[in-house]
Asks: 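Mind looking over this structure? Questions follow.
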Amino acid sequence: MQSFTFEDNSLLPALYGREDEHLVLLEKKTDTKINYRGNYLEIFGENNDCEKVSLILRNLYKRLKDGSDISLGDVEGEIKMIQGKALNIASEQIYIYTSKRKIVARSLNQKSYLHSMKNNTLVFAIGPAGTGKTYLAVAVAVQCLLNNEVDRIILSRPAVEAGERLGFLPGDIKDKVDPYLRPLYDALYDMLPAETVLRKLESGEIEVAPLAFMRGRTLSNAYVIVDEAQNTTPMQMKMLLTRLGENAKMVVTGDLSQIDLDNSQLSGLKQATKILNNIEDIDFINFSSQDVVRNQLVTKMVEAYESSEEGRLNEKK
């Protein structure tokens, strides 16, 4: 059993959740029982479980004290972070500050990802949709730009069709490729005021372009993010990686379960994981369905697809 007291009573309704839903979720996921009288809490269960619940509540309380909101998804993320992990790692809070919001890691892999982007020149983030790969990379890039650590942000992704040809879409080349780059624009507008995004796009401080536009360039003093990299060919990936110039960082994200290339083409991202995994200053972060931070139903669907694909592979053996 563990007991402790929170200082600020005004934060407790948000900490406990509507009708204590945060505490109920904690009890369900950790096999503990939580009793409280005002700001005094008691946690009953195995010592290790009680320690984990105590850590989760303290982490969430610290977020509230720092001015952030918390939701059931945040509670779920904290639970995932400590399950079977070292408590000293899970207890560390990492914040990314942008003009519009303060962003915090919601899984242990996300914390590792933020650490990696800070400490490595080139980072590959690989895993399913909804794990924050692109969103966190854009957040770090925006923070670096606001802190004058880089002169510009370059966001890119291959314009590979998923069942629809670019030539069938109306408009000029910009009109044709912009739909493929929309997720990158969405992330920018989530972190910066619209007028700031437009001003920096016009000045060139932020550039959003299809991967083909990277050929022949040297990307210096820049934070470069390449999204949907599973749809690069090996030649495109090599071209991209060799663009890296002085005082530049690059994050490459992708989901190897959603390759839209022709069956005859090898994914450049898949090849890179085999060729570059032992080079200093290059890091690989592998996300799983347990890192999904969207609707909890997304986690279940991702796991269902993964199980189905594993079954088909076993049938072929």
Side-chain angles (χ1 to χ4, degrees), residues 1-115 130-132 135-136 139-140 142-143 187 190-191 287 289-300:
M1 191 269 283
Q2 285 204 5
S3 62
F4 51 93
T5 302
F6 290 113
E7 295 177 0
D8 191 345
N9 285 16
S10 67
L11 299 178
L12 298 185
L15 179 64
Y16 297 164
R18 185 178 55 202
E19 297 181 353
D20 296 341
E21 62 181 353
H22 296 167
L23 302 184
V24 171
L25 179 61
L26 277 170
E27 290 178 330
K28 179 180 178 182
K29 294 289 187 178
T30 61
D31 195 25
T32 57
K33 177 66 177 175
I34 304 171
N35 294 333
Y36 70 88
R37 294 187 298 278
N39 61 346
Y40 175 75
L41 279 84
E42 293 179 330
I43 306 169
F44 298 91
E46 297 292 332
N47 286 338
N48 189 48
D49 294 330
C50 291
E51 188 175 356
K52 289 179 178 180
V53 172
S54 172
L55 174 60
I56 291 169
L57 288 170
R58 291 176 192 275
N59 284 349
L60 293 171
Y61 178 79
K62 186 177 186 303
R63 287 200 208 181
L64 292 169
K65 200 170 183 179
D66 290 339
S68 299
D69 297 324
I70 61 173
S71 65
L72 271 175
D74 294 310
V75 180
E76 185 81 33
E78 288 287 339
I79 293 170
K80 290 176 181 177
M81 269 193 278
I82 69 165
Q83 295 293 1
K85 304 296 182 180
L87 296 184
N88 62 326
I89 297 175
S91 63
E92 183 182 1
Q93 289 291 3
I94 304 173
Y95 293 111
I96 302 299
Y97 294 91
T98 66
S99 296
K100 290 178 68 174
R101 62 180 58 222
K102 179 170 61 177
I103 297 158
V104 63
R106 291 175 62 176
S107 76
L108 193 70
N109 269 338
Q110 285 192 353
K111 283 189 176 182
S112 298
Y113 187 30
L114 293 177
H115 270 296
T131 51
Y135 191 83
L136 288 177
V140 171
V142 167
Q143 180 177 255
D190 205 30
M191 296 166 196
F287 292 93
S289 60
Q290 295 303 307
D291 297 300
V292 172
V293 292
R294 293 180 182 168
N295 189 300
Q296 292 184 19
L297 185 59
V298 176
T299 302
K300 296 176 182 177

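Given the structure is predicted, the values throughout are model-derived calculations rather than measurements.
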Asks: Answer yes or no: does atom CD of Glu46 have more than 12 heavy-atom neighbours from other residues, nucleotides or ligands under 6.0 Å?
Replies: no
Asks: I'd like to know if Glu76 and Lys29 make a salt bridge, using a cut-off of under 4.0 Å between side-chain N and carboxylate O.
Replies: yes
Asks: Within the structure provided, determine whether Ile70 and His22 are in side-chain contact (heavy-atom separation under 4.5 Å).
Replies: yes
Asks: For the residue pair Thr32 and Leu26, what are the closest heavy atoms and their distance?
Replies: OG1-O, 4.0 Å
Asks: Name the orientation class of the two ring planes belonging to Tyr113 and Phe287 (parallel below 30°, tilted from 30 to 60°, perpendicular beyond 60°).
Replies: perpendicular
Asks: So do the side chains of Asn109 and Thr131 get within less than 4.5 Å of each other, counting heavy atoms only?
Replies: no
Asks: At what distance, to the nearest 0.5 angstrom, does CD of Gln110 lie from OG of Ser112?
Replies: 10.0 Å
Asks: I'd like to check Lys102 versus Ile96 (side-chain heavy atoms, cut-off strictly below 4.5 Å). Are they in contact?
Replies: no
Asks: So, taking the atom named OG in Ser71 and the one named CZ in Arg18, what distance separates them when rounded to the nearest 0.5 Å?
Replies: 11.5 Å
Asks: The criterion is side chain to side chain donor-acceptor pair (under 3.5 Å); which residues satisfy it with Asp31, sequence neighbours excluded?
Replies: none
Asks: Distance from Leu15 atom CG to Ile56 atom CD1, nearest 0.5 Å?
Replies: 11.5 Å
Asks: Applying the side chain to side chain contact (heavy atoms under 4.5 Å, CB included) criterion to Val53, which one of Ile43, Asn48, Ile79 satisfies it?
Replies: Ile43
Asks: Write down the atom of Met191, the atom of Ala139, and the distance for their closest heavy-atom approach.
Replies: SD-CA, 3.3 Å
Asks: Working to the nearest 0.5 angstrom, can you tell me the gap between Gln2 CD and Glu51 CD?
Replies: 6.0 Å
Asks: Is the Phe4 to Tyr40 ring centre distance short of 6.0 Å?
Replies: no
Asks: Is there a side-chain contact between Leu41 and Tyr16, using heavy atoms and a 4.5 Å cut-off?
Replies: yes
Asks: Identify whether the distance between the nearest side-chain nitrogen and carboxylate oxygen of Asp190 and Lys100 falls below 4.0 Å.
Replies: no
Asks: Using a 3.5 Å cut-off and no angle test, enumerate the donor-acceptor pairs between side-chain atoms of residues 5-14 and protein atoms at least two apart in sequence or in another chain.
Replies:
unit_1, atom_1, unit_2, atom_2, d
Asp8, OD1, Ser10, N, 3.0
Asp8, OD1, Ser10, OG, 2.5
Asp8, OD2, Ser10, OG, 3.4
Asn9, OD1, Asn39, ND2, 3.2

Asks: For Ile34, is there any backbone N or O sitting under 3.5 Å from a side-chain donor or acceptor partner on Glu27?
Replies: yes
Asks: Arg101 versus Thr98: any side-chain heavy-atom pair under 4.5 Å?
Replies: yes
Asks: For the CG atom of Leu60 and the NZ atom of Lys65, what is their distance to the nearest 0.5 Å?
Replies: 14.5 Å
Asks: Please report the closest heavy-atom contact between Ala105 and Arg63, naming both atoms and the distance.
Replies: O-NH2, 3.6 Å
